[in-house]
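Chain naming here is simple, since letters A, B, ... match the order of the sequence lines and numbering starts at 1 in each. Just so it is clear, the structure is predicted and the values come from calculations on it, not from any experiment.
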There are 2 protein chains.
Amino acid sequence: MVVKIRDVAAAAGVSVGTASRVLSGHPATSESSRRRVTEAASALGYRLNAQARSLRKPHADTLGLLVSDIRNPFFADIAQSAERQALAAGLATLLGNANESTEQQDHYLDLLYSHRVAGMIVAPQGDGGGSLGELLALGVPIVFVDRTIDGVDVPSVTSDNGAGVAAAVSHLADLGHRRVGIVAGPPQTSTGRERLDAYRAAVAECGLDSDPELVATGDFQADSGARGAAALLDLPDAPTAILAADSLMTFGVLDVLRERGIAVGRDLSVIGYDDVAAYRWLRPALTVITHDPARMGSLAVDIILDILAGRPASSVVLESALVVRESTGPAA
Amino acid sequence: MVVKIRDVAAAAGVSVGTASRVLSGHPATSESSRRRVTEAASALGYRLNAQARSLRKPHADTLGLLVSDIRNPFFADIAQSAERQALAAGLATLLGNANESTEQQDHYLDLLYSHRVAGMIVAPQGDGGGSLGELLALGVPIVFVDRTIDGVDVPSVTSDNGAGVAAAVSHLADLGHRRVGIVAGPPQTSTGRERLDAYRAAVAECGLDSDPELVATGDFQADSGARGAAALLDLPDAPTAILAADSLMTFGVLDVLRERGIAVGRDLSVIGYDDVAAYRWLRPALTVITHDPARMGSLAVDIILDILAGRPASSVVLESALVVRESTGPAA
DNA sequence: CTGAAAGCGCTTACAG
DNA sequence: CTGAAAGCGCTTACAG
């Protein structure tokens with residue numbers, strides 16, 4: 001019932017091989033075959049079976065994309081631009097949502113491999129063992145986005161986390177803050193660690209209080225931002241400024257401040273992370289550390305394409321910057 | 001170099017058929033084969049080639065998901081829950097982003113079909129012709145989410161748009177508003193049309209001004225919400241309340257009000273659509289028409305599973321309700 | 001430029 | 001319960 005290439009070939013009066021060559025754009029075809037096959041295909045409503053094709057090819061015309069949380073606008077932006085860029089290169093995107101879980105990451109990695117994707121873009125987690133290590137050993141083209149894993153030599157597209165955080169802390173120091181709190185990301189992620197390290201380095205650099213109690217650890221979800229902020233505010237000697245390490249936790253922090261009636265920018269300074277669209281309607285406008293998820297996504301695809309084409313693939317580190325708006329002010 | 005089932009069979013000392021049966025959980029296997037094959041497979045690091053498997057099966061173990069805009073939080077929620085539900089049923093999700101374009105929708109539809117997905121969940125657009133019509137004719141299991149197409153008989157999971165809009169208009173009427181503006185969605189979408197129709201019916205029902213100038217048409221993107229609000233506000237006899245037909249346009253409307261220094265809830269009442277997480281930080285808190293994208297996504301997957309299992313599949317219409325918060329007040 | 005044929009890695013009747 | 005074999009729908013050397 002479903003039309004296959006042999007039906008097209010029969011209708012066009014050519015061999016299956018010739019039909020295949022015409023349909024896949026092989027140059028060695030005559031004008032007349034091309035016409036007849038094309039006509040037969042559209043008359044019969046022929047639709048290629050991508051499964052069958054990719055069984056003969058080293059890989060399918062799909063790209064695996066594994067993000068940590070598709071509902072996080074930062075990753076939605078990465079996904080959107082990666083998908084667009086992949087599509088332009090003729091690759092369909094298989095999307096996985098690791099949900100900040102190493103197990104689920106491994107599950108998806110296996111799944112993507114079993115579909116013989118041409119390459120995978122992943123915002124990784126864990127220590128580079130498990131399925132990730134196995135796939136790497138198999139030579140599957142993988143590029144990391146946003147995050148990396150220590151000791152795992154894979155091309156990546158990341159942001160210069162240090163620069164943004166350093167600028168943020170120094171901005172706060174200039175405003176007279178001495179005790180700056182941070183709601184850090186999970187230590188299992190490179191971004192969580194790098195942002196925290198940069199915070200510590202900048203705090204030392206600027207001569208601020210380096211009290212370990214000023215560090216709360218979250219998991220990149222809103223609730224943990226709220227818990228972290230609450231813990232910091234409940235300190236006997238609470239910070240006068242709080243920095244959050246991603247957008248969801250930033251929202252959690254803001255929730256707590258509102259509940260407690262603390263005036264952002266006046267009573268307490270706040271610096272958010274990831275300049276997501278949803279920040280746009282916050283008042284006072286949020287001072288943030290910003291980077292470029294859309295560019296991350298498209299560059300990651302470019303690197304996969306480089307690898308597939310045998311071109312040298314190199315990692316890129318994108319800029320990160322502080323955008324000062326209204327949520328930071330002089331220390332109370 | 002890559003381990004295939006024949007290698008596993010050889011290592012286990014059984015035939016390829018037996019290895020296949022063990023690996024795919026066929027009941028007709030002996031305890032001893034099961035042990036030997038399982039051990040051989042894990043010792044060799046065998047990974048199934050899903051392409052090859054699905055070539056022998058009626059379809060792949062994948063589900064196609066075609067949303068209108070992955071960066072729209074409403075669709076991100078649908079995607080998240082659909083993916084989770086599909087995964088639980090052993091289906092990987094192939095995600096497409098139609099980007100509110102009928103052409104791109106058709107492109108993805110073709111792509112998904114070429115990958116022989118088990119079924120497709122789509123937030124549709126257009127008139128039911130093109131690739132959509134062809135796939136339907138081929139008997140591909142398709143279910144619509146959020147939107148439908150007139151005259152196309154496909155199971156769907158939608159919201160009762162009429163109920164929410166009616167409640168919203170009536171709420172405004174109760175507050176004394178006579179001129180209620182709407183930034184409607186694109187007439188190419190069922191949700192765009194239904195919400196507008198419900199608005200018109202409710203306006204008539206409540207005896208409000210039915211001036212056609214009170215209707216601005218947007219495209220479900222923020223910018224069009226801003227343009228629509230500006231047009232409404234520039235009317236010689238401007239509305240005292242504005243209703244927006246989706247979340248992105250709601251944000252656009254709010255932008256314009258802020259630019260113009262109009263106090264939401266006092267100078268002008270605003271009712272938004274889709275109770276997305278980003279609304280949570282708006283002040284004054286937004287009165288909205290709410291429905292349940294996560295449930296939409298998982299129910300849509302359930303329907304696909306019903307179809308695949310040969311069970312009767314029926315459409316479901318979810319509730320939609322008005323949540324009154326602070327952005328609506330007495331007519332000025 | 002074209003056809004005949006082998007083969008991609010699996011699954012599944014068919015016998016036994 | 002098991003093996004041998006056919007076949008899923010394509011692509012691609014190999015000859016010509």
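- If you measure from atom CZ of A:Arg36 to atom C1' of C:dT2, you get 12 Å, rounded to the nearest angstrom.
- Stem analysis of DNA chain C (at least three stacked-register Watson-Crick or G-U pairs, each with both distances under 3.5 Å) gives C:1-3 with D:14-16, C:5-12 with D:5-12, C:14-16 with D:1-3.
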Residues A:Arg147, A:Ser68; criterion side-chain hydrogen bond (donor to acceptor under 3.5 Å, both in side chains); working and verdict
CA-CA 10 Å; A:Arg147 301 161 11 170; A:Ser68 324; 3.2 Å; yes

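- When the P atom is used for both D:dA15 and D:dT11, the distance is 22 Å, rounded to whole Å.
- As judged by a 4.0 angstrom heavy-atom cut-off over every strand, B:Ser33 is placed among residues touching the sugar-phosphate backbone only.
- The nearest whole Å value for the distance from the NZ atom in B:Lys4 to the P atom in C:dC8 is 7 Å.
- For A:Arg35 and C:dT2, the CZ to C1' distance is 16 Å, given to the nearest whole Å.
- One atom, CD of A:Gln51, and another, P of C:dT11, lie 13 Å apart when rounded to the nearest Å.
- For D:dC10, neither phosphate oxygen OP1 nor OP2 lies less than 4.0 angstrom from any side-chain nitrogen or oxygen of A:Arg56.
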Evaluate A:Leu55 against B:Asn49 for side chain to side chain contact (heavy atoms under 4.5 Å, CB included), listing each step before the verdict.
CA-CA 9 Å; A:Leu55 195 54; B:Asn49 182 326; 4.1 Å; yes

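- With respect to A:Arg71 and B:Glu83, no salt bridge is recorded, no charged nitrogen being found less than 4.0 Å from a carboxylate O.
- Between A:Lys57 atom NZ and C:dG7 atom C1' there is a gap of 15 Å when expressed in whole angstrom units.
- A heavy atom closer than 4.0 Å to some atom of DNA chain D occurs in B:Val14, B:Ser15, B:Thr18, B:Arg21, B:Pro27, B:Ala28, B:Thr29, B:Ser30, these being the qualifying members of residues 11-30 of chain B.
- Taking all atoms of both residues into account, the shortest heavy-atom contact from B:Ala118 to B:Leu91 is CB-CD2, 4.3 Å.
- Along DNA chain D, the nucleotide nearest B:Glu31 and the nucleotide nearest A:Leu48 are compared for position; the residue whose nucleotide lies closer to the 5' end is B:Glu31.
- In this structure, A:Leu55 places its CG atom 13 Å from C1' of C:dA6, rounding to the nearest Å.
- Minimum interatomic distance between A:His107 and B:Leu87 (heavy atoms only, all atoms of both residues): NE2-CD1, 3.6 Å.
- Taking atom NE2 of residue A:His59 and atom P of nucleotide D:dT11, one finds them 14 Å apart after rounding to whole Å.
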Discussion item. Apply side chain to side chain contact (heavy atoms under 4.5 Å, CB included) to residues A:Tyr46 and A:Ile5 and explain how you reach the verdict.
Written reply: CA-CA 7 Å; A:Tyr46 172 72; A:Ile5 201 168; 3.9 Å; yes

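- The two residues A:Arg53 and A:Ser24 come nearest to each other via the heavy atoms NH2-CB, 3.5 Å.
- Taking atom C1' on both nucleotides, D:dT12 is separated from D:dG16 by 16 Å, rounded to a whole Å.
- In this structure, A:Ile5 places its CD1 atom 14 Å from P of D:dC8, rounding to the nearest Å.
- Between the B:Gln125 side chain and the B:Ser101 main chain, a donor and an acceptor come within less than 3.5 Å of each other.
- With hydrogens and angles left out, the side chain of A:Arg6 and the base of D:dG9 share no donor-acceptor pair within 3.5 Å.
- A:Gln105 contributes no side-chain N or O that, together with a main-chain N or O of A:Ala98, makes up a donor-acceptor pair within less than 3.5 Å.
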